[in-house]
Amino acid sequence: MASFQVASFRQMTAANSQDLSNMLWALATLGISPDPAWLQQHLREMSRRQQQRSLPQHLANVGWALAKLGHRPDRDWLAKYQEDVLAALPGFKPQEISNVLWALAVLNSKAEKRLLEQCQAFMAARLASFKANEVAVSLWALARLRGQPDLRLMGAALQHCFSQARQLTPKGLSMLMWSVGNMEIPPPKAWVVKLLVVTQVRMQGFSAQELSTLAVSLARLEYRPPQAWLDAFAAAASEQMGNFGAQSLANTLWALATLHYTPHEDWMTAFDAQLQQHVSSCTSAHIAMTLWAMSSLQWLPQQPLWQQLQERAELHSASYCLRSQRMLSRAVRVLEKVEAEDA
């Protein structure tokens, strides 16, 4: 890898925009993170070729690669990148549009309003050409970028996805649920019901993160699924429990408590065991959500986890707002009462 970077570094000045985009795409595809100096030089060389007309595929590849590598360019570079995308937009393919939107969302970029509007117009005009997962990625990205489609486009996009439900991956389904769950206005109930039907059939194929996304989205909508869906969710989460991290553990338990669903004791015991492994990496928000959920479910964690959660809450006490402090105090009092009753 070092020899490749040295050789390619020397050749960058002679490379055209296609060569540069291919270099970066190849590294990201192989999961290789280049040295910061190499990456900065690469972005500088791309900026110098801004007068060249960039092809849609190259623009999509560069954005995707930067997001995959977790490198966020500076504001000026991203602004020019979006201008280039706008200029080339008529020549984009659906997958390239979804890749650009996904990249901007992952990079937490401030997307230009005009770009978001034009991307939505592109989707509306060529929706039939999109694959179901491309629609899911695009809707998720637009929601993250605060470019929420109007109800008409959202409804048409979801219907297009439902007509290709078998093609939707679990990741695509979780993205659709997140998009619906984060709409600025309450979505029609029929959309949520259809998503529940499709996700229940595929529940066992979801990863821990995707399961967490499903539950949190429904909790934000304040929509309680049928008992059968919740039981299927709990069974799938139990199978994936060993893959849950601190954030997904806190989010999932918070969501279940918000949806007024009480998992079986064996499920909660497994949850405690997994949380025990990640408690040291829990943030103040994770602790607050977890303790609130446990108090709502009347579940007292076993020692030493119970003590560790209290200690972590105390450690983060200065970072909590007044409302969170009161919520935590109530949660701890409830759990202490449960502890006294069990003694």
Report yes or no: do Asn108 and Arg72 form a side-chain donor-acceptor pair below 3.5 Å? no

Between Tyr261 and Leu214, is there shared hydrophobic-cluster membership here, with clusters defined by ILVMFWY side-chain heavy atoms closer than 4.5 Å? yes

Taken to the nearest 0.5 Å, the spacing of Leu253 CG from Ser296 OG works out to 9.0 Å

Using modelled atom types only, decide if a donor and an acceptor are shared between the side chain of His71 and the backbone of Ser33 within a distance under 3.5 Å. no

Note, Trp25 side chain near His58 side chain (heavy atom, < 4.5 Å): no

Before you tell me yes or no, could you show the steps for Arg220 and Trp178 under side chain to side chain contact (heavy atoms under 4.5 Å, CB included), namely the whole-Å CA-CA distance, both residues' side-chain angles and the distance that decides it to 0.1 Å? CA-CA 9 Å; Arg220 286 176 176 166; Trp178 191 92; 3.6 Å; yes

Side chain to side chain, Leu230 and Arg224, heavy atoms closer than 4.5 Å: yes

Euclidean distance, Gln240 CD relative to Thr252 OG1, rounded to 0.5 Å: 11.0 Å

When hydrophobic residues are tied together by side-chain contacts of less than 4.5 Å, even through go-betweens, does Leu86 share a cluster with Ile97? yes

Any donor and acceptor pair, going by atom type alone, linking the side chain of Gln274 with main-chain N or O of Leu249 inside 3.5 Å? no

Examine the side chains of Trp299 and Thr262 and answer whether a donor and an acceptor come within less than 3.5 Å of each other. no

Quick check for you: to the nearest 0.5 Å, what is the distance between Trp191 atom CH2 and Cys161 atom SG? 11.5 Å

Going only through I, L, V, M, F, W and Y residues with side-chain contacts under 4.5 Å, is there a path from Met175 to Phe130? no

Are any side-chain N or O atoms of Arg202 and backbone N or O atoms of Leu168, one a donor and one an acceptor, separated by less than 3.5 Å? yes

In this structure, are over 12 heavy atoms from other groups packed under 6.0 Å from Glu311 atom CD? yes

Please evaluate residues Leu305 and Val279 with respect to the criterion side chain to side chain contact (heavy atoms under 4.5 Å, CB included), reporting the C-alpha separation (whole Å), side-chain torsions for both, the decisive distance (0.1 Å), and the verdict. CA-CA 8 Å; Leu305 179 60; Val279 67; 4.2 Å; yes

Is the side chain of Glu96 donor-acceptor paired with the backbone N or O of Pro56 at a distance under 3.5 Å, no angle test? no

Under 3.5 Å: donor-acceptor pair, side chain of Arg312, backbone of Ile287: no

Determine whether the side chains of Gln308 and Gln276 contain a donor N or O and an acceptor N or O closer than 3.5 Å. yes

Min side-chain heavy-atom separation Val100-Phe92 under 4.5 Å: yes

About how many Å separate NE2 of His286 and OG1 of Thr290, when rounded to the nearest 0.5 Å? 8.0 Å

Between Glu134 and Pro94, is there a donor-acceptor pair closer than 3.5 Å when you use the side chain of the first and the backbone of the second? no

Whether the side chain of Asn133 engages the backbone of Gln167 through a donor-acceptor N/O pair (distance < 3.5 Å, no angle test) should be reported. yes

Work out which heavy atom in Leu139 is nearest to a heavy atom in Pro149; give both atom names and the distance. CD2-CG, 3.8 Å

Given side chain to side chain contact (heavy atoms under 4.5 Å, CB included), test Gln82 with Leu104 step by step and report yes or no. CA-CA 9 Å; Gln82 293 184 60; Leu104 292 174; 4.3 Å; yes

Shortest non-hydrogen contact from Ala288 to Leu328? CA-CD2, 3.8 Å

Leu218 to Pro225 - nearest heavy-atom pair and separation: CD1-CG, 3.6 Å

Gln303 CD: over 12 foreign heavy atoms closer than 6.0 Å: yes

Tell me if a side-chain donor or acceptor on Thr199 pairs with a main-chain N or O of Leu195 at a distance below 3.5 Å. yes

Decide if atom CD of Glu341 counts as having more than 12 heavy atoms of other residues, nucleotides or ligands within a radius under 6.0 Å. yes

Does a sphere of radius 6.0 Å around CD in Glu265 hold more than 12 heavy atoms from other residues, nucleotides or ligands, not counting ones at 6.0 Å or beyond? no

Answer yes if Leu66 and Val137 sit in the same cluster of Ile, Leu, Val, Met, Phe, Trp and Tyr residues linked by side chain heavy atoms under 4.5 Å apart, and no otherwise. no

Minimal non-hydrogen separation, Thr213 against Ser174, with atom names: CG2-O, 3.5 Å

Is any side-chain heavy atom of Trp306 closer than 4.5 Å to a side-chain heavy atom of Glu336? yes

Any side-chain heavy-atom pair from Pro73 and Tyr81 closer than 4.5 angstrom? no

Measure the shortest side-chain to side-chain distance between Asp266 and Ser238 over non-hydrogen atoms and say whether it is less than 4.5 angstrom. no

Within 6.0 Å of CD in Glu339, more than 12 heavy atoms from elsewhere: yes

Heavy-atom distance under 4.5 Å between the side chains of Met183 and Leu151, does that happen here? yes

Mind checking whether Trp254 and Trp292 have parallel, tilted or perpendicular rings, split at 30° and 60°? tilted

Are Arg144 and Leu101 packed together at the side-chain level, in the sense that at least one heavy-atom pair is separated by less than 4.5 angstrom? no

Should the heavy atoms of other residues, nucleotides or ligands under 6.0 Å from CZ of Arg126 be counted, would the total exceed 12? yes

Are Met294 and Met327 co-members of a hydrophobic cluster defined by side-chain heavy atoms under 4.5 Å apart? no

Can you tell which of Leu259, Val180, Val193 makes a side-chain contact (heavy atoms from CB on, under 4.5 Å) with Tyr223? Val193

Heavy-atom closest pair, residues Ser212 and Ser248: OG-O, 3.5 Å

Decide, yes or no, whether a salt bridge links Lys80 with Asp84 under the criterion of side-chain N to carboxylate O below 4.0 Å. yes

CE (Met123) and CG (Leu142) are apart, to the nearest 0.5 Å, by 6.5 Å

Under 3.5 Å donor-acceptor, Asn243 side chain and Ser207 backbone: no

For side chain to side chain contact (heavy atoms under 4.5 Å, CB included), just list the numbers for Gln298 and Val334, CA-CA rounded to whole Å, side-chain angles, deciding distance to a tenth of an Å, and then say yes or no. CA-CA 8 Å; Gln298 296 282 295; Val334 168; 3.3 Å; yes

Donor-acceptor pair, distance only, cut-off 3.5 Å: does the side chain of Trp267 make one with the backbone of Ala234? yes

Measuring from atom CD of Gln204 to atom CD of Glu239, what distance do you get when rounded to the nearest 0.5 angstrom? 6.0 Å

Considering all heavy atoms, the nearest Leu221-Gly181 contact: CG-CA, 3.7 Å

